[in-house]
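Order of the sequence lines sets the chain letters (A, B, ...), proteins ahead of strands, with each chain counted from 1.
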Amino acid sequence: MNIFDIYLEKITKIIKSESKNNTLKLPDKLDSVNVEIPPKHFDCDVSTNVSMVLAKPNSINPNDLAKKISELIKKNDDYISNIDVVKPGFINIKFNQKFWNEFIKNVINCADDYGKVKKLKKNKYLVEFVSANPTGPLHVGHCRGAILGDVISNILKFNNQEVVKEYYVNDYGNQIISFTRSVYFRIREIIYKESFPKDKPDLYPGDYLIDIAKNIVNENKDIDFSKFEPISDKLTKLSVDQSLKFVKSNLSNLGIKHDNFISETNIINNKEVEKSVELLKKKNFIYEGKIEAPESEKNSNWVKRNQLLFKSTDFGDDKDRALQKTDKTWTYFAGDVAYHNNKLNRGFDKLINILGADHAGYIKRITAVVEAISGNKTKIKCKVSQLVKLIKDGKPFKMSKRKGDYITVEDLINEVGKDAARFIMLNRSSDVELDFDFSKVKEKSKDNPLYYVQYCYARICSVFRNVNININDKIDVKNFNFKYSSDEIRILKKVSEWPKCIEISLNKLEPHRIPVYLYELSSEFHSYWNMGKDREELRFINKDNKLSEDKLVFLKIISQVIKNGMNIVGVDTPEKM
RNA sequence: GCGCUCUUAGCUCAGCUGGAUAGAGCAUCGGUUUUCUAAACCGCAGGUCGCAGGUUCGAAUCCUGCAGAGCGCGCCA
C-alpha cells in the first residue's frame with residue numbers, strides 16, 4: 001500500500017473528470033503532478049503540487065485553484081481529517097484515525113510483501129557484477145561493487161523480477177598467461193626446490209600462488225610438471241579453477257552467490273566472436289581502418305595500423321574501438337562484444353552491469369555494442385561503484401600489490417564481519433567515494449549505523465519476549481480499532497514512506513536509500529522509546545504486564561519493515577544484542 | 001587535451017529524478033539510567049548548497065561556462 005500513489009491516482013481522476021466537464025484545462029502531460037512527503041514542520045501527512053502545475057494552463061492563481069481542488073478531494077473521502085492550502089499553492093492533507101487503521105491492517109496483511117511496487121511488469125534481468133580477473137583472491141576494492149550488484153539483484157527480486165546473477169571470467173589473454181607461468185614457477189618451487197624468480201616483473205608474486213600450486217600438485221599426481229609447454233593449456237585451466245575457488249569463497253563470505261560463471265575462453269573457442277563480428281558487419285558497424293594515438297601516448301612511438309574497428313562513435317563514443325590485434329588474436333573488447341551478444345541471445349529484457357570506477361570509460365562502447373546488436377530493443381544500464389578509501393588508525397591506507405599491504409575480502413570479513421561490511425558499503429550513494437574506517441566500523445555504538453538499526457529490532461523483540469509473545473506469530477487484525485497519539489502517527493508516517501523508498505531504489509538502482517531509510521526509521525523509534533521514560537502511557541508494557549493490541553500491532557509493523565529492509569540489504573536482524 | 005564522476009555545516013554524508021523555513025551523524029559543550037535493552041535519548045551551536053550566468057510561478061536538484069578533486073583514455077584485461 002503506497003499511500004502517495006493512492007492519492008496521486010485519486011487526484012488525477014478528479015482533475016481528469018473536471019476536464020471532461022470543461023471546468024478545468026489540463027496540460028499535455030501530467031507527469032509533474034505529484035503527491036509527496038511534506039516538510040516536517042507542517043502538521044500534515046501528504047501534500048500535492050497539483051494546483052501549481054494546473055495554474056498556468058487555466059490562467060488562475062494557484063492558491064485559488066488549490067482551494068477549489070481541495071474541496072473536490074475532501075468530498076466523498078472520509079479518511080481526511082484536515083485539508084489545507086498553503087502559500088505558493090500546496091494542498092496539505094492530514095488523515096484521521098480511520099485512515100491509519102486501514103493502513104496498519106494493510107501493512108500487517110502484506111507482511112513480507114509490504115513495500116513491493118505494485119502493477120510492475122515482470123522482466124527478465126541479467127545482472128553482471130564483480131567479474132574480477134581470476135588471477136587471485138578478491139581485495140577490498142572489489143567488495144563494494146560486489147555488494148552493490150548483490151543488493152540491486154535483491155531489490156529486483158523483492159519486486160518479483162526474474163534475476164540471473166552472473167560473473168564473467170576473463171580467463172583469456174596475456175594476464176592469464178603470466179598468471180599461469182607464475183603458478184608454474186611455484187610448482188617448480190615445490191617439486192624441484194627451485195626458488196621463485198622474484199626479479200621478473202610480469203610474474204605474480206603473491207603468496208596465495210603457493211597455495212594454488214600446492215593444490216594443483218596434490219590433486220594431479222598424474223601430470224608431468226617437468227616442462228611448461230606441453231601442459232600449458234591444462235595448467236591454465238587448473239590455475240583459473242583454483243583461483244575461482246578463492247573468489248567464490250570470498251564472495252560466499254560476503255553472502256553472495258552468483259548463478260553463472262561465464263568463461264571468456266569458452267566464448268572464444270565457440271567462435272562466438274566471429275559470429276558477433278559477422279552480425280555487426282551485416283549491420284554496417286565494422287570496418288577496417290586506423291585510429292589516432294591517445295593523448296597519453298602522443299610522445300611515445302605509436303604506430304598507426306590498419307585493423308578491424310567497431311564504429312562505437314556512431315553511438316557517442318570518443319573513438320572507434322579495435323577488435324583484433326596484429327597477431328590476429330582478439331582484443332579483450334572483442335570478447336566482450338561476443339559476451340554481450342551471448343547475453344542478448346539468452347532473451348533477457350534488461351541488462352545491468354556493475355563496474356568499478358576504473359572501468360567507467362568502458363561504458364560507452366559497451367552500451368554501443370548492445371544498442372548496435374539489439375537495435376536498441378534491449379537496454380543496458382551500467383552502474384559504477386566509486387572507490388573505497390580505506391582508513392586505519394585515522395590515516396588513509398594505500399593498497400599495493402606488494403606483499404603485506406594488500407587487504408583481501410577475507411581480511412575485511414575477519415576484521416569487521418559480513419553484516420558491517422555490507423551495511424556500511426551500502427550506506428552511501430555508489431556515485432561517491434567512500435571512506436571505510438576500520439575502527440569505526442567495528443565500534444558497537446551509534447557511530448555504527450548497522451548496530452543502530454539492529455538494536456532497534458532487538459529492542460522490539462525484547463518487548464515481545466517480556467510478554468511471552470512470539471514476534472513471528474501472525475496477528476489477526478480484522479476487528480481491531482486502534483487509537484494512536486501524534487507521536488505514534490509520526491512513526492507510522494515513516495512506515496508509510498517505505499514503499500516509496502523501495503520504488504525509488506528500484507527505478508534508480510540506488511540501494512543506498514534503503515540503509516539510509518532504515519536508519520531514519522530506527523531513529524524515530526529510539527526517540528519514541530526514550531519518551532517512555534518520562535511518560536508511562538507511552539511504554540509498551542503496561543502496569544499489569546500486558547501489551548495492548550495497539551502497541552502490539554504498532555511494534556509488529558515497525559519490526560516488519562526493518563526485517564524486510566535488512567533482508568534486501570542482506571544482513572541479519574538478531575533478536576538479542 | 002578528451003571522457004566519466006564528484007564539490008552541501010569544522011569532518012563524513014542524506015536530500016524522494018524541479019517545490020515550502022536545505023537535513024542527519026561525528027567532533028565540542030551541557031543534560032537523561034530504582035522504569036519495556038543507555039549499542040539509546042534530549043538540548044545548544046554550526047550554511048553564500050564550489051563560482052558565474054540561464055531556463056521556470058519555483059533550482060542544492062535541469063542547461064551552459066569556469067574553478068577544484070578523483071578515475072579513466074593501449075594491438076592490457
Any A:Ser527 side-chain nitrogen or oxygen under 4.0 Å from OP1 or OP2 of B:C42: yes

A:Asn466 CG: over 12 foreign heavy atoms closer than 6.0 Å: yes

Centroid distance under 5.5 Å and plane angle under 30°, A:His526 vs B:C41: no

Phosphate OP1/OP2 of B:C13 contacted by A:Lys440 side-chain N/O (<4.0 Å): no

Toward the 5' end of RNA chain B, by each residue's nearest nucleotide, A:Asn427 or A:Ile541: A:Asn427

NZ/A:Lys325: more than 12 non-hydrogen atoms of other groups inside 6.0 Å: yes

Touch class at under 4.0 angstrom, heavy-atom based, for A:Leu387 against every strand present: sugar-phosphate

Distance-only donor-acceptor hits, side chain of residues 491-504 of chain A, under 3.5 Å, sequence neighbours excluded:
residue	atom	partner	partner atom	Å
A:Lys493	NZ	A:Cys44	O	2.8
A:Lys494	NZ	A:Glu497	OE1	3.1
A:Lys494	NZ	A:Glu520	OE1	2.8
A:Ser496	OG	A:Lys493	O	2.5
A:Trp498	NE1	A:Tyr114	O	3.0
A:Glu503	OE1	A:Asn2	ND2	3.4

Nearest to side-chain heavy atoms of A:Phe42, which nucleotide of B:A20, B:C36, B:C76: B:A20

Could you list all N or O pairs between the protein and nucleotides 56-59 of chain B that sit under 3.5 Å apart?
residue	atom	partner	partner atom	Å
B:C57	OP1	A:Lys56	NZ	2.5

Charged tip of A:Lys389 within 45° of A:Phe436 ring normal and under 6.0 Å: no

Sugar-phosphate only, base, or nothing, as touched by A:Lys87 at under 4.0 Å among non-hydrogen atoms: sugar-phosphate

Sugar-phosphate only, base, or nothing, as touched by A:Glu575 at under 4.0 Å among non-hydrogen atoms: base

Residue pair A:Ser559 / A:Ile471, side-chain heavy-atom distance below 4.5 Å: yes

Touch class at under 4.0 angstrom, heavy-atom based, for A:Lys364 against every strand present: sugar-phosphate

Touch class at under 4.0 angstrom, heavy-atom based, for A:His512 against every strand present: sugar-phosphate

Distance-only donor-acceptor check, side chains A:Asp320 and A:Thr313, under 3.5 Å: yes

Closest to the A:Arg428 side chain, choosing from B:A38, B:U12, B:A77: B:U12

Whether A:Phe310 and A:Phe333 hold their rings parallel, tilted or perpendicular, with breakpoints at 30° and 60°: tilted

Minimum side-chain heavy-atom gap A:Tyr172-A:Thr329 below 4.5 Å: yes

A:Tyr519 and A:Asn427: side chain donor to acceptor below 3.5 Å: no

Sequence neighbours excluded - side-chain hydrogen bond (donor to acceptor under 3.5 Å, both in side chains) pairs with any residue from residues 546-558 of chain A: A:Glu488-A:Lys551, A:Tyr528-A:Lys551

Note, A:Tyr484 side chain near A:Val553 side chain (heavy atom, < 4.5 Å): yes

Position toward the 5' end of RNA chain B (nearest nucleotide), A:Thr326 or A:Thr48: A:Thr48

Sugar-phosphate, base or nothing in reach of A:Ser32, heavy atoms under 4.0 Å: nothing

pair A:Ile286-A:Lys311: side-chain heavy atoms closer than 4.5 Å: no

Per A:Ala360 side chain, nearest of listed nucleotides B:A77, B:C73, B:C4: B:C4

Polar pairs (N or O, both sides) under 3.5 Å between protein and nucleotides 16-18 of chain B?
residue	atom	partner	partner atom	Å
B:U17	OP2	A:Glu36	OE2	3.0

Per-nucleotide protein contact string for nucleotides 5-10 of chain B, where B marks a base within reach and S marks sugar-phosphate only (heavy atoms under 4.0 Å, - for neither): SS----

Distance below 4.0 Å between A:Arg459 side-chain N/O and B:A38 OP1 or OP2: yes

Sugar-phosphate, base or nothing in reach of A:Ile291, heavy atoms under 4.0 Å: sugar-phosphate

Sugar-phosphate, base or nothing in reach of A:Ala357, heavy atoms under 4.0 Å: sugar-phosphate

A:Arg321/A:Asp317 under salt bridge (charged side-chain N to carboxylate O under 4.0 Å, His left out): CA gap, chis, key distance, verdict: CA-CA 9 Å; A:Arg321 303 293 170 175; A:Asp317 200 1; 2.9 Å; yes

Length of the CZ-C1' vector between A:Arg365 and B:C73, whole Å: 8 Å

A:Glu433, nearest nucleotide to its side chain (from B:U12, B:G70, B:A77): B:G70

Whole-Å P distance, B:G30 and B:U17: 42 Å

Interatomic distance at C1', B:G31 relative to B:C44, whole Å: 11 Å

Secondary structure of RNA chain B in dot-bracket form (Watson-Crick or G-U wobble, distances below 3.5 Å, | marking inter-strand pairs): (((((((..((((.....[...))))..((((.......))))......(((((..]....))))))))))))....

Flag if over 12 foreign heavy atoms under 6.0 Å of NZ, A:Lys350: no

Pi stacking test for A:Tyr452 and B:A39: under 5.5 Å apart, planes under 30°: no

